[in-house]
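These values consider heavy atoms only, across backbone and side chains, with no hydrogens, waters or symmetry-generated copies.
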Amino acid sequence: METNNMNLFGIELSDVQKDQFNRYYSLLIEWNDKINLTAITDKQEVIKKHFEDSLSISSVIDMNAVNSVIDVGTGAGFPGIPLKIVFPGLKLTLLDSLNKRINFLNIVVDELGLADVSAIHGRAEEYGRDVVYRESFDLCVSRAVANLSTLSEFCLPFVKVGGYFVSYKSEKADIEYIEAKNAINLLSGGNVRIEDVIITDTDLTRKMVLIEKLSPMDDKYPRRAGIPLKKPLR
């Protein structure tokens, strides 16, 4: 895989990191037939639309100043695993509701020799109420496909006061924010910024929605499992 062609927003990869991306790609393709991890399998497409896209947050957040990250709805490990490869000092938690994906991620973590990574199986609504995880992370990230109101209820419970939830969104982010503004306020979020990030040589322009955690969250959030998706806060 031609990792030398990756545009990493000014970040130069070491040989070890290139090898880790190579192995990650190989594992992704090997396991994709078994558990349907991604519709994108061409190596250059994976580099651009998974690896580089995952790392696009580095243009809007100083990742070297971040200690702990949780990736909610991580799926095949995006954006969490690419961030861990490029910023190995991160303490990373990967959360997904499907155990077969967690099994895959544990293999990736082992094969790539990644330290301080925990892959956990469960629902965000449940872990968001767990004292071990609630308001414990500097940063929560998510590329999951859900409306911003629902994602905010999934993700903001994990963020420390003063930390950020960053949602990887499409061109509809501005409209989603208007609809989610009240929900974000209810969930102790604010100071919202929406930043455009262009993934070079693709048709993909990311809108990164940055939401700061302003105060401790009301204990009634997140609501019980399934409710944030069925009845988003308005």
- prompt: Would you say the side-chain atoms of Gln17 pair up with the backbone N or O of Ser14, donor to acceptor, closer than 3.5 Å?
  reply: yes
- prompt: Can you name the residues that form a side-chain hydrogen bond (donor to acceptor under 3.5 Å, both in side chains) with Glu176, not counting sequence neighbours?
  reply: Lys169
- prompt: Within a strict 4.5 Å, meaning less than it, do heavy atoms of the Phe154 and Cys140 side chains meet?
  reply: no
task: Would you please indicate yes or no on a ring centroid separation below 6.0 angstrom for Phe51 and Tyr25?
output: no
message: Suppose we screen for salt bridge (Lys or Arg N to Asp or Glu O under 4.0 Å). Which residues come up paired with Asp201, at least two apart in sequence or across chains?
response: Lys48
task: Determine the minimum heavy-atom distance between Val60 and Arg193, stating which atoms define it.
output: O-NH2, 3.7 Å
task: Looking only at non-hydrogen atoms, find the nearest pair between Glu30 and Lys34 and report the distance.
output: O-CE, 4.0 Å
statement: Heavy-atom nearest pair, Ala144 first then Leu151, reads O-CD1, 3.7 Å
Side-chain atoms of residues 72-84: list all donor-acceptor pairs with protein atoms under 3.5 Å, sequence neighbours left out, distances to 0.1 Å.
| residue | atom | partner | partner atom | Å |
| --- | --- | --- | --- | --- |
| Thr74 | OG1 | Asp71 | OD2 | 2.7 |
| Lys84 | NZ | Pro88 | O | 2.7 |
| Lys84 | NZ | Leu90 | O | 2.5 |
| Lys84 | NZ | Ala115 | O | 2.7 |

field: Pair listing, salt bridge (charged side-chain N to carboxylate O under 4.0 Å, His left out) test, anchored in residues 204-222, at least two apart
entry: Asp53-Arg206, Glu135-Lys213, Asp174-Lys207, Asp196-Lys207
field: Listed partners of Gln20 passing side-chain hydrogen bond (donor to acceptor under 3.5 Å, both in side chains), at least two apart
entry: none
query: Taking all non-hydrogen atoms of both residues, which atom of Ser188 and which atom of Pro216 are closest, and how far apart?
result: OG-O, 3.2 Å
- prompt: Looking at side-chain heavy atoms only, is the closest gap between Thr41 and Leu28 below 4.5 Å?
  reply: no
message: Is there a path of hydrophobic side-chain contacts, each under 4.5 Å between heavy atoms of I/L/V/M/F/W/Y residues, joining Phe104 to Ile120?
response: no
message: Once salt bridge (Lys or Arg N to Asp or Glu O under 4.0 Å) is applied, do any residues pair with Arg129, and if so which ones, sequence neighbours excluded?
response: none
message: Tell me every residue that passes side-chain contact (heavy atoms from CB on, under 4.5 Å) with Asp33, counting only those two or more places apart in sequence or in another chain.
response: none
query: When you measure from the side chain of Asn22 to the backbone N and O of Lys18, does any donor-acceptor pair fall under 3.5 Å?
result: yes
- prompt: Which residue pairs pass the side chain to side chain donor-acceptor pair (under 3.5 Å) test when at least one of the two sits in residues 221-234, sequence neighbours left out?
  reply: Glu153-Arg223
- prompt: How would you list all residue pairs meeting ring pair (Phe, Tyr, Trp, His ring centres under 6.0 Å) that involve residues 172-197, not counting sequence neighbours?
  reply: none
field: With sequence neighbours excluded, residues passing side-chain hydrogen bond (donor to acceptor under 3.5 Å, both in side chains) with Thr202
entry: none
field: Tyr168 side chain near Ser56 side chain, heavy-atom distance below 4.5 Å
entry: yes
message: Looking at Ser149 and Leu233, would you say the former's side chain and the latter's main chain have a donor-acceptor pair under 3.5 Å?
response: yes
query: For Thr150, which residues count as a side-chain hydrogen bond (donor to acceptor under 3.5 Å, both in side chains) partner, sequence neighbours excluded?
result: Asn147
task: Hey, could you give me each pair passing side chain to side chain donor-acceptor pair (under 3.5 Å) that has a residue in residues 106-127? Not counting sequence neighbours.
output: Arg23-Glu111
field: Donor-acceptor pair, side chain of Asp138 and main chain of Gly163, under 3.5 angstrom
entry: no
task: Kindly check if the number of other-residue, nucleotide or ligand heavy atoms within 6.0 Å of NZ (Lys160) is above 12?
output: yes
- prompt: What are the two closest heavy atoms between Ile102 and Ala119, and how far apart are they?
  reply: CG2-O, 3.8 Å
